[in-house]
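So you know, we letter chains A, B, ... as the sequences are listed, proteins then strands, and number each from 1.
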Amino acid sequence: MTTAVEESTTTTSNTPLRRLYPGSHVEDTFQWPTLALDDIESSFSVQEYLQQLLREDYTDIQRLIDLPEGIDAEIWQYEHLRQLCSQLNYLIPSLDSECTVDSCPEMKADGWLYLCAAHPVTKSCPAIDYIVHTLDGATMLLNNSKYFPSRISIPEPSLKHLQAIARRLYRIFAHAYFHHREAFEFFENETCLHSRFVRLSKKYSLIPKSLLIIPRSTDGDEPSSNSPTSESPAILSRRSSTSTVQEIPDDTDTSTIGAEDAGDEDQGSEPADRVDDE
Amino acid sequence: MMQQTPQSSQQRLLNGRDNVMKDANIPSNFSLAIQSPEYTLPGVLHFLQQEWRRFERERNEWEIEKAEYKARIALLEGERRGFANLKLDLMKRVKMLEYALRQERKKYMNNPKARTIQQQEEFTRTVDSPNPPSSPNLSSLRDSQDASVKLESQDKLPAAFVASQIDDKAKTRSRELLKSCLKEINQLALSTSKLPYTTAFTSGLQNQYSKITSQASQDVQHDTESISTLKDPSEENKAAARRQTPKQPDDSMSTFIPQHNTSLLQDGKIESGQQQKVDKDNDIPSTISDVEVPDNVDEVAMINNVINIAKERKQRDQSNPGSGSRKGLSEEEQLTKDVQEKYSLSADKVRKLLKNAERLIHQENNIPMSSKDSLLGKVDNLKLPSEAEVEVEDADSESRPKMWRAKHNLRGHLDCVRSVSFHANELLIASGSDDGTIKIWDLKNSIVKDSVMQKKSSHEEMDPIITYRGHTMGVTKVEISAEQGRLYSSSLDSTIRVWQLPPADKSPYSPYDSALNIAPYIGHTDAIWDFKLFPTAIADYLPLASASADGTVKIWDTSASGNLLKSSWSYNGVIDEHQDEQRNLPVPTSLDICHTNLRQLAVAYRNTEVKVFDVETGQIVLTIPADPSADNSCLTQINKIVSHPTLPLLITGHENKLIKFYDINTGNSVFTMSAHLDGVTALDIDPSGITLVSGGHDGSIRLWDISSTSRSCVQEYTAHRRKADEGVLSVQFHKELPWLVSGGADGIVKAYHHSI
Ligand SMILES: [Zn+2]
Ligand SMILES: [Zn+2]
């Protein structure tokens, strides 16, 4: 059958179409011809281009991060974050067997405790809840046509959301790294997602370096020195109430229909204790 | 204002001269210019002014272009409204004629006994009289009808009937036609059983069962008049539309009548099916079916009223810039603002913005249904028949008066939505995506909100009530089992996963519950592309059939917890233990349960053969030979197969643009049509079996009236933007409610409601 596919694609049409054909073997899916960015005609050209780069070599991080000519840097970050969320969907299944309410009742990483802002009032969620809520919230925010109406340029006021999203998604890696190392490394081997994300964040200053707490041998400049600390509820509540690091104004989402809690787009979480201002 | 801006901006520039020198934030290229010795302050100022003028000029051009586009939008919207009204009228008229013929035929075939024609005569008068402009055309219609029908009717009808009533035949027809049209509308209305105005319909139906007298027919006349008064004041387009009506029905009738004469012979299967259905409807005593008319007429008035209200509301929404075109506007504004604010940026940047802007405009024009209602969709629809090689007249004559309109754009997936599925009785939608997730959307909440704030755009953001993560690759197919309260999903990762539906009161950010993830079905060794739950138990279990690229179709026991896999069939039937050359056989691409025999499963293979398996034994009951146009490759393969809910009919959607109809008893190809401009990816049939919906990689969704012999396209619209070379990927009717859902490469799930 494979041969039939190849024959037909080479003979019947000059350029094989970039689509999935039901019935195809999994190794034949997404075996699409490489196109130059300018030749990708669709409204999703940047996403397609990024996914094409990933298919070609997901380990060549520099090539993935480098801003292609003709693309807005903001859009490039935006599409990277969408791709990040998309791929993080595949990390959760490997976490949810071991990251439970019992094993991780709080979202911690290396002495930090993160509060979940997917709720009307930020609160401490169990790690797995935090991860799911954060990913859900980031996905919905990235899909919100009010903040991100176009795949070609990003309104100035929405840029801060990219940073907030990156900051929060990073905590998922941090928790996995410090509490579920095996799953983290397995996933990282398969995707290089963390390395890519960190490189992206550094290049575009999405996350302050001081908050990058996962020590890196290859991409990180230097392993951050993490002084282990203890979490005290008092500090937590103070932090969450002051919200000094919140960049997203609460009044931005007044009219989201169907969003039972408007806070879903405002999920700023608070690192407790050793708070480096973001 | 446009003329002023260059000056005012210059002014500002001059005023800000000092600041330019000191401001630490001045853009780098300017600071460079100032520092370099060759540039004097006047020189810099001159340069700045030049730059300003240039940007302002560009901005002006922008503004003008924007205004032009706005004007064009307004124009097109006006046109669209005109078309919509015209079409509605035509469809109504034509629908009546069509049903009249159908019933006529049925009557003369099965039930030659004459009815009380005098009453019918009066009805036809009432139909004609309130509508003087169209009566000449009606009479010409009548003539043509008489000419063709007299032939058959004279042999079959009792002599007395023929002798006394020949003159009234046309009126009889008109009356019949009105009656059946109304019956149809009534059915449609009843099918929207959860909508508020249904109660009005049903109560009206019961109230008005009374003996027919001439007085009753006067009432009818009154009612029909009320129809026109309801219509007329609404908009002048209506009148224009009516003025144009005379042509169309004439055309349609002339092609229509011969077609039906032949259809009796050629299309026995479908016709008999229809007749069964009609018979059922007519089981009520003839007196009652006669008196149905007045109350139905009343319903027409009400329906028109509802339609008009809906239309007006729509128009209000459209004229309100906040709704449909908001996206486009905000983008334009944003870009203009960019140019304005970022004047200090390089010319390259501005060029880029402008280029983007062009692209945006291009995009905007390509998404008619989603953001601008069905503006272009309607236009496309009108010109569609020539494209799709369907006759114009047929397309109109067979159309149904229900038009699907986009109600919700559900954005939440990060990549192509490859499958969508409705809950059997609730307004829950499941969607599976290349991003590896399945999301459940609940339209209930939004409907309540809709009625509260009708002014609001219906395309607002909505969160899924839950996102399921568990597959390790893209999701290919989802299906909700209402009975079991479960969701099934298949993936490229070779597994089928089973999920518990969340509790009804679940909020989006409630605690994660891993217990919702029930054990996966493991057994396939390659991507699973399609599966189907059986509606009823076979033997003692509720089966699920799956088709995989590993070459097999497997049957799973969804009720067991231990050994789930019941059987496994290859292209050649049941697999022996040592048979492992499956990879060289054609792979299954899609499957469906034969609704006329729930123990049979139809499986389409890549070589376009279709095999019907007996589920219990695994025996191949029927093999439909490959389509002659197919070449065994994925470029001609069947992407989707569906079985008709009531007729022994299989319908296949092909990668080479075809939709084919097969008789499931004989395996013969009954009908073939070139349905899309690109591969057909998605098919579904509405529960009544009358409408087929298809989606294609061309990004469009088309609705087909498959109760007619021509299978004409009754509606077409661009539903999803293309990503890579993919467009619409999935489409499904709700089984009970007048809703339709589609998913596509643009990652958006769209829900449509039909317009009555
Ligand atoms: Zn954990
Ligand atoms: Zn939470």
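- Note that the OG1 atom of B:T467 and the NE2 atom of A:H133 stand 10.5 Å from one another [nearest 0.5 Å].
- Residues A:G23 and B:R606 approach most closely at C-NH2, 3.6 Å, considering heavy atoms.
- Atom OH of B:Y512 is separated from atom OG1 of A:T100 by 11.0 Å, given to the nearest 0.5 angstrom.
- With chain A as partner, the option from B:A745, B:A527, B:G412 having the largest number of non-hydrogen pairs under 4.5 angstrom is B:G412.
- For the atom pair A:M140 CE and B:K439 NZ, the distance stands at 6.5 Å (nearest 0.5 Å).
- Within the 3.5 Å criterion, the main-chain N or O of A:L142 finds no donor-acceptor partner in the side chain of B:R411.
- Proximity to chain B (any heavy atom under 4.5 Å) is restricted, for A:F30, to the side chain, taken from C-beta onward.
- Under a 3.5 Å cut-off, the side chain of A:Q47 and the backbone N or O of B:L414 do form a donor-acceptor pair.
- Between the A:R19 side chain and the B:E726 main chain, no donor and acceptor come within less than 3.5 Å of each other.
- Looking at A:C125, there are no atoms closer than 4.5 Å to chain B (heavy atoms on both sides), in backbone or side chain.
- For chain A, the nearby part of B:E655 is the side chain; its heavy atoms alone come within less than 4.5 Å.
- Interatomic distance, A:L88 CG to B:T437 OG1, rounded to the nearest 0.5 Å: 12.5 Å.
- Neither the backbone nor the side chain of B:K640 comes within contact range of chain A; no heavy atom of the residue lies under 4.5 Å from a heavy atom of that chain.
- In terms of heavy-atom proximity, B:W529 sits nearest to A:T29 at CZ2-CG2, 3.8 Å.
- Taking OH from A:Y21 and OG1 from B:T589, the interatomic distance works out to 13.0 Å, rounded to the nearest 0.5 Å.
- Both the backbone and the side chain of B:P511 come within contact range of chain A, with heavy atoms under 4.5 Å apart.
- Without hydrogens or angle criteria, A:N89 side chain to B:D435 main chain gives a donor-acceptor distance under 3.5 Å.
- Contact detail for A:W32 and B:A724: the closest heavy-atom pair is CZ3-CB, 3.8 Å.
- B:D513 does not touch chain A: none of its heavy atoms, backbone or side chain, sits under 4.5 Å away.
- In this structure, the portions of A:L20 lying under 4.5 Å from any heavy atom of chain B include both its backbone and its side chain.
- Annotation for B:G470 and A:P93: closest pair CA-CG, 3.5 Å, computed over non-hydrogen atoms.
- Checked by atom type and distance alone, the side chain of A:D129 never pairs as donor or acceptor with a backbone atom of B:S510 at under 3.5 Å.
- Scored by the ring-ring contact (aromatic ring centres under 6.0 Å, His included) test, B:H524 finds B:W556 as partners (sequence neighbours excluded).
- Using a cutoff of 4.0 Å between basic side-chain nitrogens and carboxylate oxygens, B:R469 and A:D136 are scored as salt-bridged.
- By the ring-ring contact (aromatic ring centres under 6.0 Å, His included) test, A:F148 pairs with A:Y78, sequence neighbours left out.
- Between B:K723 and A:F44 the shortest heavy-atom distance is CB-CD1, 3.6 Å.
- Nearest heavy atom pair, residue B:A549 against residue A:S24, reads CB-O, 3.1 Å.
- Of the atoms belonging to A:Q52, not a single heavy atom falls under 4.5 Å from chain B.
- To the nearest 0.5 angstrom, B:D415 atom CG is 12.5 Å from A:C85 atom SG.
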